[in-house]
Enquirer: 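Before I ask anything, let me first share the structure, which is written out below as structure tokens.
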Amino acid sequence: MNFYPIFRPLAFRLDAERAHRATIAALRWVPPHRPPDMPASLRTQVAGLDFHSPIGLAAGFDKDAEVPQQMLSLGFGFVEVGTITPQPQAGNARPRLFRLAEDRAVINRMGFNNRGQPAAFERLSLCDHRSGPIGVNIGANKDSEDRISDYVSGVRAMSQVADYLTINISSPNTPGLRGLQDAGMLEELLAAVREARTKKPVFLKVAPDLDERDPARIVKAAIDHGIDAIIVSNTTVSRPALKSKHAGEAGGLSGAPLRALALDAMRKFRSASGSEMPLIGVGGIGNADDAFERIRAGASLIQLYSAMVYEGPGIARRIAKGLDRLLSREGFASVASAVGTEKP
Ligand SMILES: Cc1cc2nc3c(=O)[nH]c(=O)nc-3n(C[C@H](O)[C@H](O)[C@H](O)COP(=O)(O)O)c2cc1C
């Protein structure tokens with residue numbers, strides 16, 4: 001039963017951040033149960049992990065790992081919690097989260113508000129990881145004097161309770177963070193992460209706002225340092241044409257207006273990496289056509305967040321069903337066989 005059409009008008013009467021808190025509070029009541037059965041065509045393996053569906057929940061929804069199990073039960077094939085920093089931090093001043101309903105978009109400048117890694121560790125250690133992979137997205141504290149050491153300590157602290165870790169250097173809301181994507185810093189960061197890591201897969205999450213030569217350079221650095229997959233992409237600081245009154249708010253834009261930009265970034269990363277580096281497509285995915293397009297452009301897995309704000313968590317199952325139909329209509333036996341098959 002889909003309760004979201006009833007819940008949404010109530011939630012949309014609240015400001016966006018309160019609505020988000022109310023949603024998490026409501027989800028905590030969903031008893032974790034076995035995830036819905038998924039079509040066999042959707043089963044896939046990336047970085048040695050098994051996924052019963054390639055449709056994942058992107059980071060930022062469950063920042064403190066409060067409901068990963070529930071989100072898996074509701075039909076997401078995997079869930080990425082975080083971003084979680086070593087120390088708890090309050091994030092930016094409110095308001096810092098805006099719904100742009102006319103644009104099916106969101107702008108956020110949350111600034112890594114979270115309760116810190118030790119608290120999340122406790123909760124994650126109680127999770128049953130058999131329902132699907134739970135990834136932990138890690139970041140650096142805003143006032144950290146040594147951001148690289150925050151990532152190193154994050155990798156050390158969270159490996160034991162994560163199925164994979166994501167190094168997030170692409171949030172626009174922590175000043176200077178995206179500078180870690182620059183040549184010298186990226187090499188230094190990835191070398192330090194490599195030293196600290198265990199056998200758990202490590203993914204790297206990048207911004208969509210990159211220069212022409214960045215994808216090739218980032219792919220090379222990722223391969224050289226043993227990164228297992230690249231997540232393309234985080235929110236954009238650019239502003240494609242928007243209708244909503246909140247269009248001028250500072251922060252990262254996500255949802256439908258990000259789709260073309262994130263798809264373009266996916267194509268660039270695919271052309272830079274061929275099939276050597278698995279890619280995870282995120283940004284503006286709202287239906288099965290978008291998911292299929294991103295997979296054909298090179299994504300082995302996809303994630304979403306903003307579309308769920310407008311459609312509710314049932315979106316994961318709906319996209320999964322639609323994707324199964326598209327795969328069989330186009331003659332693909334599996335997700336893996338469709339990855340990167342787009343004709344240039
Ligand atoms: C409110 C909000 C908070 C987010 N917080 C994070 C975060 O903490 N870490 C992160 O890596 N990405 C974060 N993201 C980015 C999403 O994971 C995703 O990359 C982006 O929203 C694009 O996907 P979408 O268009 O499906 O929302 C956040 C997005 C939103 C809307």
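As the structure lists them, so they are numbered: ligands from 1, and atoms in each ligand from 1. Quick caveat: nothing in here was measured; it's all calculated off a predicted structure.
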Enquirer: Do the charged groups of D264 and K268 touch, with an N to O distance under 4.0 Å?
Expert: yes

Enquirer: Near L304, which atoms of ligand 1 are under 4.0 Å from a heavy atom of that residue?
Expert: 26 (O)

Enquirer: Is the closest basic N to carboxylate O distance between E102 and K245 below 4.0 Å?
Expert: no

Enquirer: List ligand 1 atoms under 4.0 Å from N168, heavy atoms only on the residue side.
Expert: 9 (N), 10 (C), 11 (O)

Enquirer: With heavy atoms of G284 as the reference, note each atom of ligand 1 found under 4.0 Å away.
Expert: 24 (P), 25 (O), 26 (O)

Enquirer: I need the atoms of ligand 1 closer than 4.0 Å to a non-hydrogen atom of S233, numbered in the order shown.
Expert: 19 (O)

Enquirer: Would you mind running through ligand 1 and noting each atom that sits below 4.0 Å from a heavy atom of T235?
Expert: 15 (C), 20 (C), 21 (O)

Enquirer: List ligand 1 atoms under 4.0 Å from V106, heavy atoms only on the residue side.
Expert: 31 (C)

Enquirer: Which option out of K205, R259, Q303 puts a heavy atom nearest to atom 19 (O) of ligand 1?
Expert: K205

Enquirer: Taking only heavy atoms of L97 into account, list the atoms of ligand 1 that are under 4.0 Å away from them.
Expert: 1 (C)

Enquirer: Should one rank S254, G91, A105 by closest heavy-atom distance to atom 21 (O) of ligand 1, which comes out on top?
Expert: S254

Enquirer: What is the closest protein heavy atom to atom 26 (O) of ligand 1, and at what distance does it sit?
Expert: Y305 N, 3.0 Å

Enquirer: Among all protein heavy atoms, pick the one closest to atom 14 (N) of ligand 1 and tell me residue, atom and distance.
Expert: A59 O, 3.3 Å

Enquirer: Give the residue, atom name and distance (to 0.1 Å) of the protein heavy atom nearest atom 7 (C) of ligand 1.
Expert: T83 OG1, 3.4 Å

Enquirer: If you have a sec, work out which protein heavy atom is nearest atom 27 (O) of ligand 1 and how many Å separate them, to one decimal?
Expert: S306 OG, 2.7 Å

